Amino acid sequence: MLIGKRILLIVTGGIAAYKTPELVRQLIKAGARVRCVMSQGAEQFVTPLSLASVSGDKVYTDLFSLTDEHEMGHINLSRQADVLLVAPATANTLAKMAHGMADNLATTLLLATDKPVLAAPAMNVRMWEHAATQDNVELLKARGVHLIGPDEGDMACGEWGEGRMSEPHAIVQAVVDFFDADAPLKGLRAVVTSGPTHEPIDPVRYIANRSSGKQGHAIAQALHDLGAQVTLVSGPVALPDPVGVTTHHVQTARQMKTAVDAVLPVDIAVCAAAVADWRVDGEAEQKIKKSGTQSPSFSTVQNPDILASLSIPGAARPRLVVGFAAETESVIEHARAKLAKKGCDWICANDVSSSTNTFGGDDNTVHLVTRTGVDDWPRQSKLCVARQLARRIADHMRKQDTSEQPGETA
Ligand code: CTP
């Protein structure tokens with residue numbers, strides 16, 4: 001199934017484009033979210049309106065549309081997809097892809113993307129068999145483009161042979177197979193905490209921190225993208241829920257702990273939330289009023305430590321528990337101490353002093369502290385940090401399965 005997968009379907013100008021509304025319908029039925037891009041040639045065979053109707057989304061056709069660029073930069077179209085699927089992929093489009101040409105929105109997206117590309121060729125048998133096309137196909141395959149078909153059969157031009165676009169159900173199956181092959185965390189359950197917590201003082205005031213939730217949310221998405229079944233427990237953030245991830249919204253640390261406990265047992269736990277360490281002892285039931293010049297004083301009590309409680313050895317302990325250490329000085333030293341104190345397996349240590357703009361910003365510099373050493377990752381977007389961490393987790397789980405790494409986890 002393709003639940004939550006985001007597919008950017010690029011339709012180019014072959015007769016087989018008439019099958020794309022059915023392809024979109026079947027992809028959506030399998031759980032995918034489909035957004036369509038059409039070349040001008042494709043519009044001769046199927047209308048943007050048909051694809052907009054079946055996809056339930058705007059169809060993008062124009063590289064130089066200021067309105068589109070304003071709503072959604074063309075690079076963002078591919079950033080927001082898990083894969084790009086070119087169907088039908090004409091001989092001309094394959095040639096442009098192979099040679100790095102970017103003369104319309106479809107080919108520009110294909111050149112500007114770092115996402116996996118799947119292509120379902122469709123053309124006359126002689127065009128398919130031509131050495132030029134075959135060379136282009138080999139070049140594309142060598143670069144990692146996944147070819148779907150083409151099939152053999154009757155052609156629109158009256159000839160018979162190889163070059164027909166695969167049927168929609170076969171393309172959908174190939175997309176499912178593609179995701180299954182790149183799903184090293186398939187069958188594993190993960191819980192991720194993200195964002196700040198709000199600890200009420202009275203009905204209108206609370207204690208909070210500057211966490212945006214961007215890093216935690218990106219990790220939940222990245223684990224899902226590698227096939228894990230992910231539950232995200234999020235404090236108050238201004239972010240959309242990650243696609244395909246079950247998200248629970250909470251306000252306080254205690255609610256976060258209850259929500260996390262309700263998801264157990266899991267295989268992987270990542271605590272990226274900036275949980276408030278304290279709450280006010282005895283939240284006022286009514287708004288606290290000013291009384292003369294006297295300022296109110298509060299006593300505080302400690303909140304439960306979610307990461308530490310997840311790390312307690314026992315049968316219910318996740319196989320891998322990852323925490324974060326938000327530090328403003330001696331980052332590695334503090335992270336090492338935190339790893340020992342909390343009993344987790346890894347700590348992603350990051351410097352959150354205000355000069356780094358990490359809290360609330362889009363980039364992060366992570367030092368991955370494990371029991372065996374420290375890996376210094378480059379400064380990169382929180383999205384890339386999340387993908388690197390998810391890959392590292394997948395490698396670890398695989399090695400643990402094959403017992404190559406005894407004793408790295410508790
Ligand atoms: N954490 C948690 N529950 C808490 C406090 C922290 O699960 N009540 C987790 C965070 O999600 C993070 C890690 O513990 O993964 C470390 O959080 P951090 O705020 O850096 O450390 P603290 O434990 O709060 O220690 P200190 O404030 O002294 O640095």
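Whatever order the structure lists them in is the order used to number ligands and atoms, beginning at 1. If you're wondering where the values come from, they're calculated on a predicted model, not measured in any experiment. For the numbers below, each heavy atom of this structure counts, side chains included, while hydrogens, waters and symmetry mates do not.
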Considering heavy atoms of the protein only, find what lies nearest to atom 6 (C) of ligand 1 and give residue, atom and distance to 0.1 Å. Lys342 NZ, 3.5 Å
Any luck finding a side-chain donor-acceptor pair between Ser194 and His217 under 3.5 Å? yes
Do Gln400 and Arg319 have side-chain atoms, one donor and one acceptor, less than 3.5 Å apart? yes
Regarding Ser166 and Asp151, is there a side-chain donor-to-acceptor distance under 3.5 Å anywhere? yes
Subset of ligand 1 atoms that lie under 4.0 Å from at least one heavy atom of Gly323: 15 (O)
Centre of Trp377's six-membered ring, under 6.0 Å away, within 45 degrees of the axis: is that where NZ or CZ of Arg392 sits? no
Heavy-atom proximity to atom 29 (O) of ligand 1, picking from Lys338, His334, Lys341, Glu327, points to Lys338
Under 4.0 Å from any heavy atom of Leu307, which atoms of ligand 1 are there? 2 (C), 7 (O), 9 (C), 13 (C), 14 (O), 15 (O)
Counting only heavy atoms, tell me which of Ile306, Asn350, Asp277, Val352 gets closest to atom 3 (N) of ligand 1. Ile306
With a 3.5 Å cut-off and no angle check, do the side chains of His99 and Asn136 form a donor-acceptor pair? yes
Non-hydrogen protein atom less than 4.0 angstrom from atom 19 (O) of ligand 1: no
Shortest protein contact, atom 8 (N) of ligand 1 (heavy atom only): Pro304 O, 2.9 Å
4.0 Å heavy-atom contact, Ala325 with ligand 1: yes
Heavy-atom check, side chain of Leu51 versus side chain of Val11, under 4.5 Å: yes
With the side chain counted from C-beta on, respond yes when Lys5 and His224 share a heavy-atom pair under 4.5 Å apart, and no when they do not. yes
Below 4.0 angstrom from a heavy atom of Cys271, which ligand 1 atoms are there? Numbered from 1 as shown, please. 11 (O), 12 (C), 15 (O)
Do His146 and Lys141 come within less than 4.5 Å of each other through their side chains, counting heavy atoms only? no
Check each of Cys344, Ser311, Ala326, Ala273 against atom 10 (C) of ligand 1 and report the one with the nearest heavy atom. Ala273
Report the nearest protein non-hydrogen atom to atom 12 (C) of ligand 1: residue, atom name, distance rounded to 0.1 Å. Phe324 O, 3.0 Å
Could you tell me which atoms of ligand 1, counted from 1 in the order shown, lie closer than 4.0 angstrom to a heavy atom of Asp305? 1 (N), 2 (C), 3 (N), 4 (C), 7 (O), 8 (N)
